[in-house]
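In what follows, chains are A, B, ... by sequence order, proteins preceding strands, each numbered from 1.
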Amino acid sequence: MDRGALADEFFRLAHDDVSGHPRLSEQACGLALAAGLIGELLFLRRVRVRVRDGRLEVHEGPVPPDPLSHAVLEQIAGEPEHADLDVRLRALGHDAHEQVAHRLWRAGHVERKVSILRFGRGAPVWRPTDINTAAGPRVRVKELLRRRDDPDHFDAFLIGLAVTVGLRAVLLQDGPSAAPAYLDFVCSRLHPAVRLLLDHTQAAVGRAVLVPRP
Amino acid sequence: MARSSTAPAWPALTPTSTALASGRLGTAAIVVFVWCAATPLTVVAGSTTTGFAATGMIGMPAAFLAVGAILIVFTVGFVAMARRIGTVGGLYAYLARGAGRAFGVGGGWLALLAYNAVQVSLYGGIGAAAEPLLVRWFDPVPPWWATALVCWALVAVLGVLKVDLNKRILACLLLAEVAVLVAYDVADLLNPAGGVVSVYAFSPTHLVASGVGATLALAFLGFVGFEATAAFASEAKDPARTIPRATYWSVALISVLYAVSSWAMIVAVGEGRIVAVSTADGVQVIFNLADAHLGRLAMNAGLLLFVTSMIAAMIAFHATITRYMFAGGQEGVLPRRLGRTWERTQAPRAASLVQSGFAFTVIVTFAVTGWEPVVHLFYWASTIGGVGVLLLVLATSVSVVCFFARHREAESAGRAYVAPAAAVVLLTVVTVLVFTNLDVLLNVRDGHPLIWIVRLGYPAALVLGTAYGLWLKAHRPAVYAAIGLGADAITAPPIPAPRTPAHSRDTRQEVTR
């Protein structure tokens, strides 16, 4: 099965396959998608996470294939003063949801629905145009857990990210009884740089819980 | 695939500086939020009058000013430390970073006890607060516990859904509360009892009278919530200036408003009668005065805002407690389950349910046993909770001193040493006075079991919590290292382990370099 970009695949996991309603809070989803966008550049070998101090480093390499990855890379490269992972996640998390949704919409994977009850205010719902594509990553991960396959870096990142922001139950839904243990095993074997990126994402989500929002 | 013409254009990536600045809070937003937990009408109408009745003393205005001044001194070092540690945790994080992580655990236990006492106390008062309104619609008036349970359900549901009250609604309610209080004060001062406006209530002699500890404790209770400004350190527009400003403004405004309002009440009723009238009318004193001076409409507005202010306070304290438990769960100091959230709303659901469960148990216990709710729940639990927060603030002031003893650089001597040391001395004096006057404060005979519960309970929480912290240091060094870090516990530098099993690194995958 064809896989989309990392952030697109996470977007699908984080939204209902049919209705497109979010499974995560707006803030957590934005932060996770920001991690996904950074992850895309990680896999393109255009950025690296420095494990020793949690900063992003830009490397020479191929031009990212899509405009969003390109824009994110340009922003990271152009602002070395904001190379700190926490700062970058926070900044990117601000509009990552909208950006990834637009990328999916451009490719025809989602359509924009604005609820009439919201009188045009608030975030629109991005409804998948094809249920099978939308359910793709969820089905793939479920199958992987069932067969106890060794995930590649892409799926390992996706699984780690989903578990980090609380989508564990979505991955384990209707799965075999041994799946939770295998899921933990997969998460425990993530590369240190990916682990660090995910830990910073989890901390950012936790901080959002701790700060009162007046 | 072709997209329809009504579809939005690809949005530009928000510039980093704009994205980082969005959602940051200014001084006014923080002050409003802090005041919502301080609930001016609840304090003036509820705690002050109940305090007059229970202590038989009229020194509240002087006490509000004195406590305000002491807290301003405390704030100097407190915000200087907030600026340096930039934590989002509660006061226990200050204890952990200043006086040691183990002490931080003790502070956390103390905080949970104290804030829970304040939170559940509000359920005891809401029945009496709402009764004048309910009497018009219901016959007979529902029992206090029915009103309390309705509010409890509201708080419990909002807590699990994490529906934050809209800040504009909160600000409007708060401004309306302050406007009503100012109007009441002006009317009271224009209609003094016996035609004499006396400022005797402000006299410093009240601060050396016997039983002053009780008055000071009640005044301090009015300020509980001011310490929340520190929780915003990481979210403020300019933490170096916004947090100090917000804290100073909160303390100063609270102090002046409460002092003037309690004084106006004394002037309107008369120095000689305020204790007797408060004993007879309880929380209704201020509204009866408004009815006489300003008319029915002003009284009804005040009664309605009294109820909404109490509900806002219940929600605010519920949120404070769940955040303490969530942070403890994230660190591993409390059960990890408390550190989990409901993914759809990011509400710390387990923590919220635990707090709601506790509040429910208290309400039902009082309802079943038939204990009197206003004095025995609202007054006792809130004052006992206030005493706990006072101890917590004292412990924080000690931690500030410890912190600056180790981080001498970049703060003036006044901010780093003089003010924190003065705060420790002043807060110790207040705490000792409060602990020796607990009988007056709680209006019970000396030697009453309640007094010993307070005298021994809080220190026990602090000592046992600290002991547990030391146990963690010996047996769970990773958890110990994360104390006070809250959500950042996960990214804390790992403790260098004496021996790492070789396979733990070898089995990790190699990904992009």
Which residues from residues 67-76 of chain A are near chain B, with near meaning under 4.5 Å between non-hydrogen atoms? A/Leu68, A/Ala71, A/Val72, A/Gln75

Taking heavy atoms only and a threshold strictly under 4.5 Å, list by residue number the residues of residues 10-22 of chain A that touch chain B; give 'none' if the list is empty. A/Pro22

Engaged part of [X] at the chain B interface, taking heavy atoms whose separation is under 4.5 Å:
X: A/Arg168; value: neither
X: A/Val49; value: neither
X: A/His200; value: both

Tell me every residue that passes side-chain contact (heavy atoms from CB on, under 4.5 Å) with A/Ala34, counting only those two or more places apart in sequence or in another chain. A/Leu89, A/Leu92, A/Ala96

If you measure only the distance, is there a donor-acceptor pair under 3.5 Å linking the side chains of [X] and [Y]?
X: B/Thr14; Y: A/Asp95; answer: yes
X: B/Ser352; Y: B/His318; answer: yes
X: B/Thr16; Y: A/Glu79; answer: yes
X: B/Gln346; Y: A/Gln27; answer: no

When the ring planes of A/Phe157 and A/Phe43 are compared, do they come out parallel, tilted or perpendicular, using 30° and 60° as the limits? perpendicular

Checking side-chain contact (heavy atoms from CB on, under 4.5 Å) against B/Gln119, which of B/Thr320, B/Ile315, B/Val155 comes through? B/Val155

Is the closest side-chain heavy-atom distance between [X] and [Y] below 4.5 Å?
X: B/Thr27; Y: B/Val31; answer: yes
X: B/Trp342; Y: B/Val160; answer: yes
X: A/Leu144; Y: A/Ile159; answer: yes

Taken to the nearest 0.5 Å, the spacing of B/Asn116 CG from B/Gln355 CD works out to 5.0 Å

Supply the atom-to-atom distance A/His153 NE2 to A/His191 NE2, rounded to the nearest 0.5 angstrom. 8.5 Å

With only heavy atoms counted, which part of [X] is less than 4.5 Å from chain A, the side chain, the backbone, both or neither?
X: B/Thr341; result: side chain
X: B/Ala327; result: both
X: B/Ala316; result: neither

Report the option among A/Gln99, A/Arg23, A/Gln202 that has the most heavy-atom pairs separated by less than 4.5 Å from atoms of chain B. A/Gln99

Quick one: side chain to side chain donor-acceptor pair (under 3.5 Å) pairs with a partner in residues 328-339 of chain B, sequence neighbours left out? B/Tyr92-B/Glu331

